There are 2 protein chains.
Amino acid sequence: MSRVTIAEVASAAGVSKTAVSFAFNSPERLGQATLERVLGVAQDLGYTPHPAARALSMRRSGTIGVLIPQRLSTVFANPFLGELIQGLGELCEEHDLTLLLVPPLNGSLEGAIRQASVDGFISLGLSPDDSALAVLDRIGIPTVLIDSEGSPAHPAVNVDDAGGARAAAGHLLELGHRQLAILVLPPARSQVHSTPTAVRRLAGYRAAITEAGVPAPHSVIAGISVAAGARAFDSLPKGKHRPTGVLAMSDMAAIGVVTAAQASGLLVPDDLSVVGFDDVPASAWTNPPLTTVRQPIVEKGRMAARLLIQSMKGKSVESPAPLSTRLIVRSSTAPVRNLDLRINGR
Amino acid sequence: MSRVTIAEVASAAGVSKTAVSFAFNSPERLGQATLERVLGVAQDLGYTPHPAARALSMRRSGTIGVLIPQRLSTVFANPFLGELIQGLGELCEEHDLTLLLVPPLNGSLEGAIRQASVDGFISLGLSPDDSALAVLDRIGIPTVLIDSEGSPAHPAVNVDDAGGARAAAGHLLELGHRQLAILVLPPARSQVHSTPTAVRRLAGYRAAITEAGVPAPHSVIAGISVAAGARAFDSLPKGKHRPTGVLAMSDMAAIGVVTAAQASGLLVPDDLSVVGFDDVPASAWTNPPLTTVRQPIVEKGRMAARLLIQSMKGKSVESPAPLSTRLIVRSSTAPVRNLDLRINGR
DNA sequence: GATCGCCTGTAAACCGTTTTAGTAAATCGG
DNA sequence: CCGATTTACTAAAACGGTTTACAGGCGATC
């Protein structure tokens with residue numbers, strides 16, 4: 001019933017535990033004959049080293065943790081995380097690492113961190129003042145941040161959120177839109193602070209809009225799911241103050257407003273222009289294909305994993321320059337149509 | 001530099017290691033005064049129990065492993081896994097478990113299994129004769145299979161693949177299609193065997209087609225990515241023997257076919273009908289929205305996790321009845337148009 | 001022929017927890 | 001006031017590996 005231990009193999013083969021350990025980890029330290037005998041006995045008994053024991057003894061577990069600030073049951077509704085993991089996965093494969101997903105355990109990310117037996121952490125979208133970061137510091141475990149403010153202690157991988165947002169807003173403004181709405185990302189964990197990403201994107205949108213001398217946009221918080229985007233559309237002003245363009249901070253939310261708008265009888269992009277953020281693959285197949293800001297998600301994952309692995313080897317690493325973003329114009333945006341709306345602008 | 005151990009806390013607080021352990025795990029066994037003192041000292045020192053040591057001692061790690069037969073860098077290209085994890089995640093949250101992703105380590109799933117410190121495994125799409133299953137048996141770790149043949153040893157969660165496939169093929173046949181193509185799922189790991197899922201779906205397609213007395217379909221292997229689907233379309237016969245209907249075993253492959261067909265000047269569904277499998281959320285937003293077979297992916301994950309957790313508690317569990325599948329007719333399928341093709345049928 | 005070094009193999013310490021078995025003091029019933 | 005519980009705490013033994021330090025045998029070297 002219980003699993004086979006190294007001691008049982010040792011006694012069955014008539015050698016010491018050390019010999020068995022050597023057989024697997026330093027075969028060259030054993031004679032040909034004993035090596036084969038030990039390996040044979042181990043095989044017959046179905047011996048497998050206990051991973052926790054091994055991790056304790058070797059001070060390394062062979063896994064890296066991904067700190068997720070949201071619940072597992074919702075976070076994968078956005079393809080973002082899946083794509084990021086593709087990037088992380090590439091490096092993990094190279095280095096024989098597995099990936100542990102660490103979401104909050106009954107609301108507490110700190111508790112989850114303690115429980116996780118990992119050699120390093122990659123954290124997603126944490127505010128710089130999140131208490132989880134303090135815990136990571138205490139433990140002194142290598143950590144790389146994604147979509148956060150970097151600090152001397154922890155390198156951070158970021159993209160040019162503000163620039164991308166500015167380009168998105170600029171695009172709508174060029175098309176003549178004057179009444180805009182912004183779909184803001186919800187705060188990640190604490191109710192009080194938005195994620196650094198949301199802050200930067202919002203700043204980009206706002207900067208472009210105020211520079212153009214256009215009235216302040218209507219903004220509404222929307223989760224990263226399609227359903228949340230649809231709800232956000234429903235809560236937008238109707239009639240005279242109806243926005244003609246919406247800037248969403250995620251593609252999923254953008255798709256939600258597109259479908260909700262279509263369901264309410266509006267045409268996209270004729271009656272309403274929508275631009276997303278991220279450029280997840282699905283954005284290219286939607287109806288209409290989505291205009292959005294591309295960020296290199298997979299590359300972001302690769303880079304974070306690369307830095308973390310460096311850091312786990314003891315080397316000190318710096319935050320790299322933000323990766324660049326780019327506006328991808330597809331078919332969910334068009335020149336503003338309704339003339340009487342346009343004359344309200346300047 | 002190094003992390004704080006229980007012994008350091010004990011000596012700093014002037015008590016035994018046992019007392020410190022009690023302070024955290026059985027506070028009622030300590031006097032009020034010492035409890036507070038120990039907790040205070042631990043807090044000051046920033047003590048956190050070593051997860052591997054804890055796992056070794058308690059014989060439980062608080063994580064469950066997801067055995068993935070493909071590389072991490074590609075498997076998330078299909079939303080299937082993300083959705084499944086949503087279901088698993090719900091149960092994990094309830095039971096304070098984290099999720100370890102276990103892909104093959106340099107080609108070997110067996111090696112990855114050994115390295116993983118988990119309390120149970122959920123395995124995806126393994127053939128009944130995969131050697132990884134043998135390893136799981138040796139270790140004697142609770143395991144639940146998804147999309148595999150169940151065995152007395154391991155319960156399996158499945159859906160009615162054959163029925164769904166039959167419905168999909170029947171739908172195309174009813175629409176008058178007589179020249180069909182099938183996009184087969186690639187084998188998961190070994191080059192020789194297909195996954196049980198692929199086998200069952202293929203059987204369903206074939207049964208419906210031969211019962212209708214229609215010529216055998218052209219079949220081509222296509223990965224689960226959009227790009228693979230597009231390549232598959234390109235390899236289909238052109239001209240006179242061009243299929244008018246395609247049965248894909250995944251939505252991503254179906255989307256690939258649709259986009260490739262559109263790029264080559266064909267109209268979907270007018271010139272080509274396409275039906276997918278899975279009904280991932282994105283299928284509803286594509287252009288055109290995809291006709292597909294819905295399987296309850298999230299529920300599949302929930303059920304598998306529920307069974308595994310039962311099994312980890314020592315209860316014995318049975319394979320549940322296959323979950324039902326349902327054809328969702330959207331707009332990627334239409335009656336066959338080209339008359340001169342139809343007269344070749346009977 | 002003694003010395004050196006290499007080749008095999010082992011005993012014991014160590015990794016950092018939890019848990020079992022037990023002890024001394026305090027409390028209790030009678 | 002005495003034996004039986006209860007309370008508060010501890011020493012030591014797991015848990016299952018790896019690693020360090022060392023020992024015996026044997027051929028080569030001088």
Side-chain angles (χ1 to χ4, degrees), chain A residues 1-39 41-42 45-62 114-119 138-141, chain B residues 1-39 41-42 45-63 111 114-119 138-141:
Chain A
M1 192 68 228
S2 171
R3 77 189 283 159
V4 180
T5 75
I6 200 174
E8 304 180 44
V9 176
S11 80
V15 295
S16 68
K17 294 194 309 178
T18 311
V20 180
S21 180
F22 281 163
F24 287 97
N25 305 315
S26 333
E28 74 280 1
R29 293 210 42 183
L30 254 36
Q32 182 72 10
T34 27
L35 175 58
E36 283 172 10
R37 178 160 40 94
V38 170
L39 254 25
V41 170
L45 266 45
Y47 168 70
T48 275
H50 192 298
R54 202 156 206 272
L56 175 60
S57 187
M58 310 207 335
R59 289 181 201 72
R60 109 168 210 120
S61 62
R114 290 184 227 273
Q115 195 161 123
S117 180
V118 301
D119 298 332
R138 305 229 88 137
I139 306 184
I141 195 167
Chain B
M1 192 70 230
S2 172
R3 79 187 282 160
V4 181
T5 74
I6 201 174
E8 304 178 46
V9 176
S11 81
V15 294
S16 69
K17 295 193 308 179
T18 311
V20 180
S21 180
F22 281 164
F24 287 96
N25 304 316
S26 334
E28 73 281 1
R29 296 203 44 180
L30 252 38
Q32 181 72 11
T34 27
L35 175 58
E36 283 172 9
R37 179 160 40 94
V38 170
L39 255 24
V41 170
L45 264 47
Y47 167 69
T48 275
H50 192 298
R54 202 157 206 271
L56 176 60
S57 188
M58 309 208 329
R59 289 180 202 71
R60 100 164 219 127
S61 61
T63 100
R114 291 183 226 273
Q115 195 160 122
S117 180
V118 301
D119 298 332
R138 307 228 85 139
I139 306 184
I141 195 169

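As the structure is a computational prediction, the values presented were derived from the model and not from experiment. Each chain gets a letter, A, B and so on, in the order its sequence line appears, and its residues count up from 1.
Here A:Ser117 lies out of heavy-atom contact (under 4.0 Å) with every strand. Within the 4.0 angstrom heavy-atom criterion, only backbone atoms of the sugar-phosphate kind lie near A:Val4; the bases stay farther away. Across all strands, B:Ser26 comes closer than 4.0 Å to no nucleic acid atom at all (heavy-atom distances).
Of the candidates B:Leu39, B:Val38, B:Thr5, B:Val38 is the only one forming a side chain to side chain contact (heavy atoms under 4.5 Å, CB included) with B:Val20.
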Output, in order, the C-alpha distance, side-chain angles, deciding distance and verdict of side chain to side chain contact (heavy atoms under 4.5 Å, CB included) for B:Asn25 and B:Met58.
-> CA-CA 12 Å; B:Asn25 304 316; B:Met58 309 208 329; 5.9 Å; no
Let me see the working for A:Ile139 and B:Arg3 under side chain to side chain contact (heavy atoms under 4.5 Å, CB included), right down to the final yes or no.
-> CA-CA 6 Å; A:Ile139 306 184; B:Arg3 79 187 282 160; 3.7 Å; yes
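Under the side chain to side chain donor-acceptor pair (under 3.5 Å) criterion, A:Glu28 pairs with no residue, sequence neighbours left out.
For the atom pair A:Ser61 OG and B:Gln115 CD, the distance stands at 8.5 Å (nearest 0.5 Å). Atoms CZ and CG, on B:Arg59 and B:Asp119 in that order, are 12.0 Å from each other to the nearest 0.5 Å. Remark: A:Thr48 OG1 to A:Phe24 CZ distance equals 8.0 Å, nearest 0.5 Å. The structure places CG of A:Leu30 at 10.0 Å from OG1 of A:Thr18, a figure rounded to the nearest 0.5 Å.
Counting all heavy atoms, side chain and backbone alike, B:Val41 lies closest to B:Ala12 at CG1-CB, 3.8 Å.
Distance, A:Glu28 CD to C:dC7 C1': 12 Å, rounded to whole Å. Atom-to-atom, CZ of B:Arg37 to P of D:dA8 comes out at 14 Å; the value is rounded to the nearest Å. Per the geometry, CD belonging to A:Glu36 stands 15 Å off C1' belonging to C:dT8, to the nearest Å. With rounding to whole Å, B:Ile6 atom CD1 is found 11 Å from C:dG16 atom P.
The side chain of A:Arg29 sits closest to C:dT8 out of C:dT8, D:dT18, C:dG16. Residue B:His50 places its side chain closer to C:dG16 than to any other of C:dT18, D:dC9, C:dG16.
For D:dG16, neither phosphate oxygen OP1 nor OP2 lies less than 4.0 angstrom from any side-chain nitrogen or oxygen of A:Tyr47. Taking side-chain N and O atoms only, A:Thr5 has no distance below 4.0 Å to OP1 or OP2 of D:dC15.
The stretch residues 8-24 of chain A comes close to DNA chain D through A:Lys17, A:Thr18, A:Ser21, A:Phe22, each having a heavy atom under 4.0 Å from the strand. The stretch residues 51-63 of chain B comes close to DNA chain D through B:Leu56, B:Ser57, B:Arg59, each having a heavy atom under 4.0 Å from the strand.
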